Amino acid sequence: MALERTFSIIKPDATARNLTGKVIAKLEDAGLRVVAQKRVKWSKADAEKFYAVHSARPFYNDLVAFMTSGPIVLQVLEGENAIAKNREVMGATDPAKADSGTIRKEFAENIERNSVHGSDSAENAAAEIALCFRLEEIVG
Ligand code: CMP
């Protein structure tokens, strides 16, 4: 197994409901380690840049509005197979389809207000981490 790093966001619906600790506990219980973390509020330009890959999708404008609507927590997670493990703990994008015990099943409100983001590949993890953190901010 490989020690990997992945990128994670705790989204505005979760920070608004004071759920950051509960989300992080689920990640840590799954064996993931937080090696970088900051609470920020994104500008429209920040959200548009991060989600540029979705710019042609019908939900893009709503997604950008939601992701700039309140504070978010940006994180780098480290662990064995961290990318797949994080996605397993998050559950399906749509909470109605998420397995029981997952973050989205327990906390997400709907497919947009779905509490967390996690990188879906090694390539995207590296790109998302580089977009949001400087190397010296990652202490693992
Ligand atoms: P995330 O993992 O951050 O990646 C893109 C986000 O778009 C997704 O989580 C959801 O919050 C949001 N989204 C809103 N509507 C949809 C949809 N119909 N399909 C996929 N993602 C959606």
Side-chain angles (χ1 to χ4, degrees):
M1 290 214 289
L3 190 69
E4 288 179 340
R5 285 178 174 173
T6 191
F7 181 72
S8 160
I9 305 176
I10 304 177
K11 295 187 177 184
D13 66 287
T15 62
R17 287 174 290 144
N18 215 19
L19 292 172
T20 55
K22 286 185 174 159
V23 170
I24 294 163
K26 287 228 177 247
L27 299 170
E28 291 181 338
D29 286 349
L32 294 163
R33 179 175 293 273
V34 178
V35 295
Q37 191 177 59
K38 55 187 167 190
R39 186 178 179 99
V40 300
K41 190 164 185 297
W42 269 353
S43 68
K44 188 165 180 271
D46 292 330
E48 285 176 346
K49 191 170 178 190
F50 185 83
Y51 281 117
V53 65
H54 294 305
S55 61
R57 308 286 289 272
F59 56 82
Y60 179 68
N61 289 340
D62 282 351
L63 176 62
V64 168
F66 166 56
M67 291 300 290
T68 56
S69 68
I72 58 177
V73 180
L74 309 178
Q75 309 182 107
V76 179
L77 307 175
E78 187 177 85
E80 295 290 336
N81 295 320
I83 297 162
K85 191 174 283 181
N86 182 39
R87 291 181 69 77
E88 194 182 312
V89 183
M90 289 194 302
T93 305
D94 181 352
K97 296 178 184 156
D99 289 338
S100 62
T102 61
I103 292 168
R104 285 168 170 160
K105 185 67 175 186
E106 289 199 13
F107 304 129
E109 296 179 330
N110 55 51
I111 195 168
E112 178 178 273
R113 301 174 64 84
N114 65 353
S115 301
V116 280
H117 164 83
S119 310
D120 62 3
S121 66
E123 191 186 4
N124 284 340
E128 290 171 358
I129 290 169
L131 189 63
C132 298
F133 287 96
R134 287 178 286 118
L135 214 53
E136 59 268 31
E137 293 177 311
I138 304 170
V139 185

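Since the structure is predicted, the reported quantities are computational estimates derived from the model, not experimental observations.
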Can you get from [X] to [Y] by hopping between Ile, Leu, Val, Met, Phe, Trp and Tyr side chains that sit under 4.5 Å apart?
{"X": "Ile103", "Y": "Ile10", "value": "yes"}
{"X": "Val64", "Y": "Ile72", "value": "yes"}
{"X": "Met90", "Y": "Phe66", "value": "no"}
{"X": "Ile129", "Y": "Val116", "value": "no"}
{"X": "Leu131", "Y": "Met67", "value": "yes"}

Does any N or O in the side chain of [X] come within less than 3.5 Å of the main-chain N or O of [Y], such that one atom is a donor and the other an acceptor?
{"X": "Asp29", "Y": "Lys26", "value": "no"}
{"X": "Tyr60", "Y": "Tyr51", "value": "no"}
{"X": "Arg87", "Y": "Gly118", "value": "yes"}
{"X": "Arg17", "Y": "Phe107", "value": "yes"}
{"X": "Asn114", "Y": "Thr93", "value": "yes"}
{"X": "Glu78", "Y": "Arg33", "value": "no"}
{"X": "Gln75", "Y": "Ser8", "value": "no"}

Using the rule given for side chain to side chain contact (heavy atoms under 4.5 Å, CB included), can you reason through Lys105 versus Asp99, listing the C-alpha separation, both sets of side-chain angles and the distance that settles it, and then say yes or no?
CA-CA 6 Å; Lys105 185 67 175 186; Asp99 289 338; over 6 Å; no
For [X] and [Y], which heavy atoms make the closest approach, and how far apart are they?
{"X": "Asn86", "Y": "Leu32", "answer": "CA-CD1, 3.8 Å"}
{"X": "Ile83", "Y": "Ala125", "answer": "CD1-CB, 4.2 Å"}
{"X": "Leu63", "Y": "Glu112", "answer": "N-OE1, 3.7 Å"}
{"X": "Ser115", "Y": "Ala14", "answer": "O-CB, 3.9 Å"}
{"X": "Ala92", "Y": "Ala98", "answer": "N-CB, 3.7 Å"}

Residue pairs, two or more places apart or on separate chains, that pass ring pair (Phe, Tyr, Trp, His ring centres under 6.0 Å) and touch residues 8-50:
Phe7-Phe50, Trp42-Phe50, Phe50-His117
Tell me whether the guanidinium CZ or amine NZ of Lys38 lies under 6.0 angstrom from the six-membered ring centre of Phe133 and within 45° of its axis.
yes
Step by step, work out the side chain to side chain contact (heavy atoms under 4.5 Å, CB included) result for Asn110 and Asp13.
CA-CA 10 Å; Asn110 55 51; Asp13 66 287; over 6 Å; no
Measuring from atom [atom1] of [X] to atom [atom2] of [Y], what distance do you get when rounded to the nearest 0.5 angstrom?
{"X": "Thr20", "Y": "Gln37", "atom1": "OG1", "atom2": "CD", "answer": "8.0 Å"}
{"X": "Lys85", "Y": "Leu27", "atom1": "NZ", "atom2": "CG", "answer": "11.5 Å"}
{"X": "Glu48", "Y": "Thr68", "atom1": "CD", "atom2": "OG1", "answer": "9.0 Å"}

Side chain to side chain contact (heavy atoms under 4.5 Å, CB included) for Val34 and Leu77? Distances and angles first, verdict last.
CA-CA 5 Å; Val34 178; Leu77 307 175; 3.9 Å; yes
Counting neighbours of CD on Glu136 that are heavy atoms of other residues, nucleotides or ligands and sit closer than 6.0 Å, is the number greater than 12?
yes
Determine, step by step, whether Ile138 and Arg5 satisfy the side chain to side chain contact (heavy atoms under 4.5 Å, CB included) criterion, reporting the C-alpha distance in whole Å, the side-chain angles of both residues, the deciding distance to 0.1 Å, and the verdict.
CA-CA 10 Å; Ile138 304 170; Arg5 285 178 174 173; 3.4 Å; yes
